[in-house]
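Notes to accompany the following structure.
Note that the structure is predicted; figures quoted are calculated from it, not measured. Side chains included, hydrogens not; waters and symmetry mates left out as well; all remaining heavy atoms used.
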Amino acid sequence: MDLTIVGCSGSVPGPDSPASCYLVTAADGDRLWRVLLDLGSGAFGALQRHTDPDSLDAVVLSHLHPDHCLDLTALKVWRSHGPGGPGADLRVYGPAGTAERMARAYGVDKPSPMTGMTFRTLADGQSFTVGPFSITPHRVRHPVPTFGLRVEADGAVLAYTGDTDTCPGLVPLMAGADMVLAEAAFVEGRDEARGLHLTGRRAAEAVVEAGQQGGQGPVGRLLLTHLPPWTPPEVVLGEARDVWDGATDVVRPGATYRIGPGRGTVGAASGV
């Protein structure tokens, strides 16, 4: 399974990155399957550097804040009027009300004009499949309904937190994951509000707790994402490394990670 960082800026697009968007790919025989985790503001343009938008098999939205979902409207335009023309409906998974939310963002009163997309509702702990992927949503802690996404394929596990603060749902989400992609928008001592975001420290603490209580062994690697443009990456990275001595990095747009059992290595992923 491969993970490509399409966009990783937190809360708003930054000068070097659009907002949250992550492409995961895995082969099933000769067929390469492509799933997007979130499609935030500004991400659709960058997505075209990594894959043909018509090749997507599904989009999974962790929640309905603009920095995680807004560019689904651009994808709708592409799939309706782009070079591939209208094709089979694209599956879009999200919290309850996703179709209505995206219709409003598109500027219509009813979800029916979001043609070319079939919307399905995420439910806590209820897995679904897209080709070789098994995806399990876990409810996490944010002001709106939000799900972390546990993605399994090729014997590997990727855990993506979405936006969250510390919460019980992070243990089953992260337990035994080969790679955890964790938001870390806040900084210890600077951002005191709770119930919104993790810090680097709290992300690492969640990884440690998942290894101790999850019953599936330790996490393989921690990747920190969703840093807003005003946050120095080295600060967040230092917070995490003070807590956990495993492999830890801050992601950058355009980076690709190959995820296999017990490992997560940076490299060029074929076929993306």
Side-chain angles (χ1 to χ4, degrees), residues 1-6 8 20-38 50-51 55-62 91 93 120 122-140 147-162 164 169-183 203-204 206-225 240 244-249 251-252 254-272:
M1 176 166 53
D2 294 318
L3 165 69
T4 299
I5 311 300
V6 178
C8 54
S20 294
C21 183
Y22 310 95
L23 174 66
V24 290
T25 60
D28 185 6
D30 294 332
R31 165 86 148 84
L32 188 67
W33 291 74
R34 300 169 174 87
V35 174
L36 280 188
L37 309 180
D38 287 338
H50 302 288
T51 195
S55 71
L56 295 173
D57 295 292
V59 177
V60 188
L61 302 177
S62 64
R91 284 178 282 177
Y93 298 83
R120 304 182 182 186
L122 298 174
D124 187 22
Q126 294 188 15
S127 302
F128 59 94
T129 60
V130 179
F133 295 104
S134 176
I135 303 173
T136 306
H138 291 275
R139 185 69 183 264
V140 291
F147 294 91
L149 303 168
R150 185 177 174 93
V151 183
E152 302 180 54
D154 295 338
V157 180
L158 167 68
Y160 168 49
T161 65
T164 184
L170 293 179
V171 170
L173 173 67
M174 296 179 177
D178 301 294
M179 185 172 287
V180 169
L181 181 63
E183 74 107 320
V207 165
V208 171
E209 183 179 12
Q212 293 173 342
Q213 299 185 16
Q216 299 187 48
V219 166
R221 185 172 189 173
L222 172 61
L223 298 180
L224 301 170
T225 189
W244 190 59
D245 60 3
T248 309
D249 296 290
V251 301
R252 297 183 180 275
T256 296
Y257 300 84
R258 171 120 328 141
I259 308 170
R263 64 185 176 88
T265 58
V266 183
S270 60
V272 178

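Ala182 and Thr161 get closest at one heavy-atom pair: CA-OG1, 3.5 Å. Nearest heavy atom pair, residue Leu224 against residue Ala203, reads CD2-CB, 3.9 Å. Residues Leu173 and Ala159 approach most closely at O-CB, 3.3 Å, considering heavy atoms. Leu122 and Leu61 get closest at one heavy-atom pair: CD1-O, 3.5 Å. Nearest approach of His138 to Asp124, heavy atoms of both residues: CA-OD1, 3.4 Å. Here the closest heavy-atom approach between residue Ala240 and residue Thr248 is recorded as CB-CG2, 4.0 Å.
Counting heavy atoms from C-beta outward, Leu3 and Leu223 have side chains that approach closer than 4.5 Å. You'll find the side chain of Phe133 stays beyond 4.5 Å of the side chain of Asp57, heavy atoms only. A heavy-atom distance below 4.5 Å is not found between the side chains of Phe147 and Val60. Tyr93 places a side-chain heavy atom less than 4.5 Å from the side chain of Val130. Contact check for Tyr22 versus Thr225: side-chain heavy atoms found under the 4.5 Å cut-off.
With values rounded to the nearest 0.5 angstrom, Leu170 atom CG is found 13.0 Å from Arg139 atom CZ. Considering CG of Leu149 and CG of Leu37, their distance stands at 6.0 Å, rounded to 0.5 Å. Atom CG of Leu23 and atom OG1 of Thr25 lie 6.0 Å apart (nearest 0.5 Å). One distance of note links CD1 of Ile5 with OG1 of Thr256; it measures 8.0 Å at 0.5 Å rounding. Rounded to the nearest 0.5 angstrom, Arg34 CZ and Leu56 CG are separated by 8.0 Å. Separation of atoms CH2 (Trp244) and CG (Leu222) is listed at 6.0 Å; rounding is to 0.5 Å.
The backbone N or O of Trp33 lies less than 3.5 Å from no partner atom in the side chain of Asp28, so there is not a single donor-acceptor pair. Distance alone, capped at 3.5 Å, places no donor-acceptor pair between the Asp178 side chain and the Gly220 backbone. Of the possible donor and acceptor atoms, none in the side chain of Gln216 sits under 3.5 Å from a partner among the backbone N and O of Ala177.
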Item to check | CA sep, side-chain torsions, deciding dist, call: Arg221, Asp249, side-chain contact (heavy atoms from CB on, under 4.5 Å) | outcome: CA-CA 8 Å; Arg221 185 172 189 173; Asp249 296 290; 2.4 Å; yes
Next on the checklist: Run Val151 and Tyr160 through side-chain contact (heavy atoms from CB on, under 4.5 Å) and show every step you take.
Outcome noted: CA-CA 8 Å; Val151 183; Tyr160 168 49; 5.9 Å; no
